Protein chains: 2
Amino acid sequence: MGTTQLETVPEPKYWHLKTVLSEALDSEFAVGEILPNERELAARFGVARATLRQALEQLELEGRLQRRRGVGTTVAPPRVGVAVGTEQHTWPGAPDDDWQLVDCTLAVPPAAVADALETARDEMVHIVRRTRMSHGQPVAAELLHIPQASAPALSGIDAPSGPARARAVLRELERLHLEGEDRAVELGSARADDAKELDRLPGAPVLVVTTRFFAQGRTAALSVATYRADTCRLTFGDTGGVEIHHGPERRAS
Amino acid sequence: MGTTQLETVPEPKYWHLKTVLSEALDSEFAVGEILPNERELAARFGVARATLRQALEQLELEGRLQRRRGVGTTVAPPRVGVAVGTEQHTWPGAPDDDWQLVDCTLAVPPAAVADALETARDEMVHIVRRTRMSHGQPVAAELLHIPQASAPALSGIDAPSGPARARAVLRELERLHLEGEDRAVELGSARADDAKELDRLPGAPVLVVTTRFFAQGRTAALSVATYRADTCRLTFGDTGGVEIHHGPERRAS
DNA sequence: TAGTGGTCTAGACCACCAC
DNA sequence: TGGTGGTCTAGACCACTAC
């Protein structure tokens with residue numbers, strides 16, 4: 001028994017299950033089709049429901065499945081490409097963007113945000129809430145933090161906190177000369193409020209895109225946008241998105 | 001029982017646990033410190049180990065914890081900012097990049113890659129394997145796909161598949177005029193080979209960065225890089241990364 | 001060898017949705 | 001009201017690490 005490797009590691013059951021299911025999805029199911037329920041699938045594969053769920057969770061994480069309580073598990077469509085940041089920089093609220101203003105409040109931001117904005121930790125800033133739609137589905141929820149210094153004309157105003165006020169704040173922002181942007185992407189889990197906006201459960205995996213807008217030699221605004229990680233592929237650069245990295249994940253031999 | 005909302009939804013235990021643990025991490029633990037083991041933590045909070053693990057998994061997903069089998073659970077350092085794509089485009093293998101060449105093979109890529117490269121689905125391409133280090137830790141594993149048309153001088157060569165050959169392929173690539181790049185980021189789970197390279201278990205969450213390099217009016221190379229989602233924050237634009245979105249996740253009140 | 005996290009089981013109950 | 005996925009339990013065994 002010294003040839004190559006025979007029976008090296010016992011592959012975890014859920015991993016093997018995931019592979020089997022993945023191949024079945026490619027060959028036997030159409031997008032939108034509903035799978036047998038978890039109890040039946042578990043019985044069919046001869047595993048406990050928890051083990052089956054481990055495999056389903058991974059497939060959902062990879063955007064292959066969509067699960068909804070009370071409804072069932074369906075085959076997910078390919079991820080939608082969502083453009084994040086073109087080459088030419090623009091302020092949020094440009095007439096052609098697909099964000100919808102929800103409301104606007106004046107509040108003290110988290111410490112990390114205050115640090116990035118270079119404001120005092122107890123200083124209130126405008127917080128504009130926006131959501132982004134794509135193909136009729138909500139794909140992102142955003143909190144746009146704007147120091148009062150970036151919208152001086154609105155410092156004394158206490159208009160009703162709504163879309164109208166949000167529009168006013170963004171209009172003020174556009175008066176400044178945008179000097180540049182800065183972006184970061186990381187993995188996070190949806191807060192309760194964002195989850196609701198995104199039609200997901202709290203804790204769902206999201207891609208957090210943090211954008212700093214520079215004007216007047218400082219950070220004039222900070223956007224924290226959370227994108228649904230299961231349905232979105234973030235694209236950078238001018239050429240929209242292309243069909244890449246979906247379907248069979250088999251590696252070249 | 002008709003006023004506002006009283007005891008609306010029973011918050012899941014693991015969600016509450018996560019909050020409690022998160023606050024404890026902020027106030028009572030230092031980076032690198034080791035937590036009590038799972039059985040003890042579960043007992044201390046009066047929950048089953050599986051429930052406790054659900055909370056730990058989320059915290060690990062958010063980059064707050066690091067768990068290693070046989071060792072224990074430690075408090076993770078803040079995510080490292082990793083620059084992905086500067087404003088001025090460059091070919092892979094520039095003298096100042098922090099990628100390390102591992103090897104190079106000639107093989108048939110997955111169908112999705114072949115489609116992006118506009119090669120036939122059974123056409124072999126050069127596949128350069130690279131890894132990226134940051135702060136002494138591996139942060140990314142990459143497969144760089146280069147059609148033979150982009151490195152014509154190497155079509156007949158069958159040098160030993162190693163770093164030397166990888167270097168030769170990249171040198172050939174540099175002879176072409178790079179016209180532009182195109183990037184996409186999405187969530188994925190690590191394949192077995194990538195996981196090994198990244199010192200993680202298979203299935204670990206990763207950020208998949210797909211980059212297309214354009215030259216001669218077509219896609220001259222395609223990079224699929226998988227970054228550790230737990231330890232990395234991908235930054236775009238010229239200004240490195242800044243300390244944002246870490247620490248207490250409390251929302252402004 | 002002792003202790004850690006990783007996997008797995010066989011149940012139970014709950015929240016949600018459609019009928 | 002019945003069926004779905006979501007949560008939770010109390011165990012068991014395994015793989016890995018460090019001593």
Side-chain angles (χ1 to χ4, degrees), chain A residues 5 7-19 21 33-61 64-76 189-190 192 195-196 199-205 230, chain B residues 5 7-19 21 33-61 64-76 189-190 192 195-196 199-205 230:
Chain A
Q5 47 177 354
E7 306 301 333
T8 51
V9 290
E11 193 178 49
K13 274 188 187 178
Y14 78 89
W15 186 260
H16 181 242
L17 251 184
K18 183 191 138 185
T19 307
L21 283 169
E33 198 169 341
I34 197 165
L35 266 61
N37 72 52
E38 297 184 348
R39 289 161 181 86
E40 166 154 0
L41 279 178
R44 189 179 299 185
F45 287 109
V47 300
R49 192 178 154 219
T51 304
L52 185 270
R53 278 178 60 82
Q54 229 177 321
L56 293 184
E57 265 151 36
Q58 283 236 358
L59 289 171
E60 190 178 30
L61 201 77
R64 309 288 311 275
L65 291 179
Q66 194 159 346
R67 300 192 287 172
R68 270 172 304 175
R69 169 157 53 177
V71 179
T73 302
T74 55
V75 180
S189 51
K196 197 174 176 185
D199 192 25
R200 298 252 60 196
L201 290 178
D230 55 343
Chain B
Q5 46 177 355
E7 307 300 333
T8 51
V9 289
E11 192 177 49
K13 274 188 186 177
Y14 78 91
W15 186 261
H16 181 242
L17 250 183
K18 182 191 139 185
T19 307
L21 283 169
E33 197 169 343
I34 196 165
L35 266 63
N37 71 51
E38 298 184 349
R39 289 161 180 85
E40 166 151 1
L41 279 179
R44 191 178 297 185
F45 286 108
V47 299
R49 192 177 154 220
T51 304
L52 185 269
R53 278 178 61 80
Q54 230 178 319
L56 294 184
E57 264 151 37
Q58 283 236 0
L59 289 170
E60 189 178 28
L61 201 77
R64 310 287 312 274
L65 292 179
Q66 194 157 348
R67 299 192 287 172
R68 270 172 306 174
R69 170 158 49 178
V71 180
T73 302
T74 56
V75 181
S189 51
K196 197 174 178 184
D199 192 25
R200 299 253 59 195
L201 290 178
D230 55 342

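First the proteins, then the strands, lettered A, B, ... as listed; each starts at 1. In this text the structure is predicted, and so the values were computed from the model without any measurement.
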A:His16 NE2 to C:dT7 P, in whole Å, measures 16 Å
Residue pair B:Gly72/A:Lys13 against DNA chain C: nearer the 5' end by closest nucleotide is B:Gly72
Which of D:dT7, C:dT9, C:dG6 is nearest the side chain of A:Thr51? It is C:dT9
Whole-Å distance, B:Glu57 CD to C:dG5 P, equals 13 Å
When rounded to whole Å, the CG to C1' distance for the pair A:Leu201 and C:dC16 reads 10 Å
Checklist entry - With respect to the phosphate group of D:dT7, does any side-chain polar atom (N or O) of B:Tyr14 fall under 4.0 Å of OP1 or OP2? => result yes
Side-chain contact check for A:Arg69: nearest option of C:dC17, C:dC16, D:dT9 is C:dC16
Check: Between B:Asp230 and B:Arg200, is any pair of side-chain heavy atoms under 4.5 Å apart?
Finding: yes
Verify the contact: side-chain N or O of A:Thr73 to OP1 or OP2 of D:dT4, cut-off strictly under 4.0 Å; return yes or no. no
Stepwise side chain to side chain contact (heavy atoms under 4.5 Å, CB included) check, A:Trp15 with A:Gln58:
CA-CA 9 Å; A:Trp15 186 260; A:Gln58 283 236 358; 3.9 Å; yes
Separation of C:dG6 atom P from A:Glu11 atom CD, nearest Å, is 18 Å
Please tabulate, one pair per line, all N/O donor-acceptor pairs under 3.5 Å involving side-chain atoms of residues 34-42 of chain A, not counting sequence neighbours.
residue	atom	partner	partner atom	Å
A:Asn37	OD1	A:Arg39	N	2.9
A:Asn37	OD1	A:Glu40	N	2.8
A:Glu38	OE1	A:Arg49	NE	3.0
A:Glu38	OE1	A:Arg49	NH2	3.0
A:Glu38	OE1	A:Arg53	NH1	3.2
A:Glu38	OE2	A:Arg53	NH1	3.0
A:Glu38	OE2	A:Arg67	NH1	3.1
A:Glu40	OE2	A:Arg44	NH2	2.7

Between CH2 of B:Trp15 and C1' of D:dG6 the distance, given in whole Å, is 14 Å
A:Asp199 CG to C:dC16 C1', in whole Å, measures 13 Å
Pairing partner of D:dT4, by Watson-Crick or G-U wobble and under 3.5 Å for both distances, is C:dA15
Quick one: are A:Thr51 and A:Phe45 in side-chain contact, heavy atoms under 4.5 Å? no
Atom CZ of B:Arg200 and atom P of D:dA15 are separated, to the nearest Å, by 20 Å
*Is there a side-chain contact between A:Gln54 and A:Pro12 (heavy atoms, below 4.5 Å)?*
no
Looking only at C:dT7, C:dT4, C:dG6, the nucleotide nearest the B:Arg67 side chain is C:dG6
Please tell me if B:Arg53 has a side-chain N or O lying less than 4.0 Å from either OP1 or OP2 of C:dG5.
no
Against the side chain of A:Pro12, the closest entry in C:dC8, C:dT4, C:dC16 is C:dC8
For A:Gly203 and A:Ser189 the tightest heavy-atom approach is O-CB, 3.4 Å
Checking all strands, does A:Arg68 fall into the base, sugar-phosphate, or nothing category for heavy-atom contacts under 4.0 angstrom?
sugar-phosphate
key: Derivation and outcome, side chain to side chain contact (heavy atoms under 4.5 Å, CB included), residues B:Arg69 and B:Leu201   = CA-CA 10 Å; B:Arg69 170 158 49 178; B:Leu201 290 178; 3.8 Å; yes
- prompt: So does A:Asn37 get a side-chain nitrogen or oxygen closer than 4.0 Å to the phosphate oxygens (OP1/OP2) of D:dT4?
  reply: yes
Here the pair of heavy atoms bringing B:Leu65 nearest to B:Val75 is CD2-CA, 4.3 Å
Sorted by number, residues from residues 38-49 of chain A placing a heavy atom under 4.0 Å from DNA chain D are A:Glu38, A:Arg39, A:Arg49
Atom CG of A:Leu35 and atom C1' of D:dT4 are separated, to the nearest Å, by 13 Å
